[in-house]
Novice: 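The structure follows.
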Amino acid sequence: MEKGKNQFSKILVIQTAFIGDAILATALLESIHASVPNAQIDILVRKGNESLFQQHPFLKQVLIWDKKQGKYKNLLAQLSKIRAEKYDLVINLQRFGATGLLTAFSGAKVTVGYDKNPFSFLFTKKVSHELDKGLHEVDRNNNLIACFASDLKRQPKLYPTAAHYAKVQAYTTQPFICAAPNSVWFTKQYPEHKWIEFLNDVPADYQVYLLGAPGDAESCERIKAQTTNTNNITVLAGKLSFLESAALMEKAAMNYVNDSAPMHIASSMNAPVAAVFCSTIPAFGFGPLSVKSFNIETTEKLSCRPCGLHGYKACPEGHFKCAETIGKEQLLEILSNK
């Protein structure tokens with residue numbers, strides 16, 4: 001695997017984790033394409049994330065693993081497809097056994113993955129995965145191909161189509177901000193009452209769009225109903241696709257997000273973003289990557305923070321000070337100085 005050899009004509013990238021991880025993997029796709037521009041690049045993702053790659057300009061195939069219905073039967077079906085493709089290179093961005101099995105038995109000439117994967121002893125090359133070195137996840141991913149890539153990119157990138165931009169055009173006729181107030185994990189989520197306090201003081205000349213998945217719509221409606229600014233707030237949670245949300249966020253004056261997927265969507269569009277970190281910290285390597293990006297954290301020194309890499313369903317200490325001590329002024333200041 002020497003630089004400049006371009007010995008890889010068919011490459012598969014495996015990232016079957018959640019949406020944020022799939023978006024961050026797009027930076028690696030940019031690196032591969034820049035370094036081996038004539039190679040066929042495919043990606044394997046979990047079912048539900050495939051729409052991120054709709055009409056992606058340099059992906060040939062998006063393979064889909066259904067993890068919810070017949071998980072292991074579908075895993076073996078994917079292995080059969082992968083072996084039939086006869087890849088020159090398979091790159092595994094995950095540290096779990098299932099994708100390690102796909103990689104190790106892919107039949108590819110070269111297999112690359114992290115040393116923490118239980119099947120890494122069967123990989124052609126394994127790379128250290130370290131969360132305590134201050135590296136961003138895109139840099140950790142790029143380390144997997146650094147031995148042959150000549151042009152490493154750090155910016156994730158999604159490609160909304162003309163149809164996606166057309167869908168959101170009506171929302172962009174006046175100054176606006178987007179806010180994505182929800183997260184899968186409670187301790188990664190700025191509380192509803194804190195979002196309400198912030199939105200009450202957003203200047204009236206901004207329209208506010210609340211974004212999220214269909215399951216976030218109820219929470220967004222509660223937030224809107226309790227603000228004093230309801231005429232300026234529109235709930236779009238569950239009404240836009242991933243790429244439509246990306247197209248809208250690109251045009252926003254600012255995007256307010258948690259440490260969750262919408263942050264990575266903003267990064268993929270190089271959209272201005274303000275990310276609220278509650279129980280987690282940017283040093284884990286999953287922070288925003290837009291040129292104009294801000295990390296918002298408590299100013300208090302809390303011995304319990306961070307309490308975990310992924311968050312919890314409730315604050316382990318019962319006080320949730322990492323979120324409750326973040327003031328609306330910290331969010332508003334960013335908007336006033338944008």
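The figures that follow rest on heavy atoms only: side chains count, while hydrogens, waters and symmetry mates do not. If you're wondering where the values come from, they're calculated on a predicted model, not measured in any experiment.
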Novice: Would a single hydrophobic cluster contain both Val13 and Leu152, if residues Ile, Leu, Val, Met, Phe, Trp and Tyr are joined by side-chain heavy-atom contacts under 4.5 Å?
Specialist: yes
Novice: Using a strict threshold of under 4.0 Å (side-chain N to carboxylate O), is an ion pair present between Glu218 and Arg222?
Specialist: yes
Novice: Kindly state whether the ring of Phe198 and the ring of Tyr190 have centres lying under 6.0 angstrom apart.
Specialist: no
Novice: For Gln169, I'd like to know if atom CD has over 12 heavy atoms of other residues, nucleotides or ligands within 6.0 Å.
Specialist: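 No, the 6.0 Å shell around CD holds no more than 12 heavy atoms from other groups.
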Novice: Examine the side chains of Asn295 and Glu297 and answer whether a donor and an acceptor come within less than 3.5 Å of each other.
Specialist: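 Distance-only check fails for Asn295 and Glu297.
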Novice: Hydrophobic clusters here meaning ILVMFWY residues chained together by side-chain heavy-atom distances under 4.5 Å, can you tell me if Leu210 and Leu332 are in one?
Specialist: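 Yes.
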Novice: Between Asp115 and Ser120, is there a side-chain donor-acceptor contact under 3.5 Å, judged purely by atom types and distance?
Specialist: no
Novice: Return yes when atom CD of Gln174 has more than 12 non-hydrogen atoms of other residues, nucleotides or ligands closer than 6.0 Å, and no otherwise.
Specialist: yes
Novice: Apply side-chain hydrogen bond (donor to acceptor under 3.5 Å, both in side chains) to the pair Asn258 and Ser183, showing each step before the final yes or no.
Specialist: CA-CA 7 Å; Asn258 296 299; Ser183 170; 5.6 Å; no
Novice: Does some side-chain heavy atom of Ile265 sit less than 4.5 Å from a side-chain heavy atom of Ile23?
Specialist: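 The answer is yes; the side chains approach within 4.5 Å.
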Novice: If only side-chain N and O atoms count, and only distance matters, is there a donor-acceptor pair under 3.5 Å linking His129 with Arg95?
Specialist: yes
Novice: Tell me whether Lys10 at atom NZ has more than 12 heavy atoms from other residues, nucleotides or ligands lying less than 6.0 Å away.
Specialist: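 Atom NZ in Lys10 is packed in, count exceeds 12.
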Novice: Assess, by modelled atom type and distance only, whether the side chains of Glu192 and Ser219 contain a donor and an acceptor separated by less than 3.5 Å.
Specialist: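 Side-chain D/A pair, Glu192 to Ser219: present.
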Novice: Quick one: do the Thr298 and Thr325 side chains pair a donor with an acceptor below 3.5 Å?
Specialist: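 Yes, a side-chain donor-acceptor pair sits under 3.5 Å.
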Novice: How about Gln207 and Tyr171: does a side-chain donor come under 3.5 Å of a side-chain acceptor?
Specialist: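 On atom types as modelled, these side chains do not qualify, holding no pair under 3.5 Å.
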Novice: Can we say Lys68 and Asp66 salt-bridge, meaning some charged N sits less than 4.0 Å from an Asp/Glu carboxylate O?
Specialist: no
Novice: Once ring-ring contact (aromatic ring centres under 6.0 Å, His included) is applied, what residue pairs with a partner in residues 40-74 remain, sequence neighbours excluded?
Specialist: His33-Phe58, His56-Phe58, His56-Tyr159
Novice: Can you get from Leu93 to Leu59 by hopping between Ile, Leu, Val, Met, Phe, Trp and Tyr side chains that sit under 4.5 Å apart?
Specialist: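 Hydrophobic grouping puts Leu93 with Leu59.
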Novice: Between Val202 and Leu331, is there shared hydrophobic-cluster membership here, with clusters defined by ILVMFWY side-chain heavy atoms closer than 4.5 Å?
Specialist: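 Result: yes, single cluster for both.
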Novice: Can Glu244 and Lys167 be counted as an ion pair, charged N to O under 4.0 angstrom?
Specialist: yes
Novice: Indicate yes or no: does Lys321 engage Glu300 in a salt bridge with an N to O separation below 4.0 Å.
Specialist: no
Novice: Considering all heavy atoms of both residues, which atom of Ala274 and which atom of Ile334 are nearest to each other, and what is their separation?
Specialist: CB-CD1, 3.9 Å
Novice: Can you tell if the side chain of Leu211 reaches within under 4.5 Å of the side chain of Pro262, non-hydrogen atoms only?
Specialist: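 Side-chain contact under 4.5 Å: no.
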Novice: Between Asn141 and Tyr114, do the side chains contain an N or O donor and an N or O acceptor separated by less than 3.5 Å?
Specialist: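 The criterion, which ignores hydrogens and geometry beyond distance, is satisfied for Tyr114 and Asn141.
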Novice: Does the ring of Phe284 carry Arg305 above it, NZ/CZ under 6.0 angstrom from centre and within 45° of its axis?
Specialist: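 Output no; distance or angle outside limits.
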Novice: Report yes or no: do Ile82 and Ile91 belong to one cluster of Ile/Leu/Val/Met/Phe/Trp/Tyr joined by side chain heavy-atom distances under 4.5 Å?
Specialist: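 Each belongs to a different hydrophobic cluster.
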Novice: Measuring from atom CZ of Phe242 to atom NE2 of His164, what distance do you get when rounded to the nearest 0.5 angstrom?
Specialist: 11.5 Å
Novice: Within the structure provided, determine whether Lys328 and Glu197 are in side-chain contact (heavy-atom separation under 4.5 Å).
Specialist: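 Yes; the side chains approach each other to less than 4.5 Å.
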Novice: I'd like to know if the side chain of Gln94 and the backbone of Gly100 have a donor-acceptor N/O pair within less than 3.5 Å.
Specialist: no
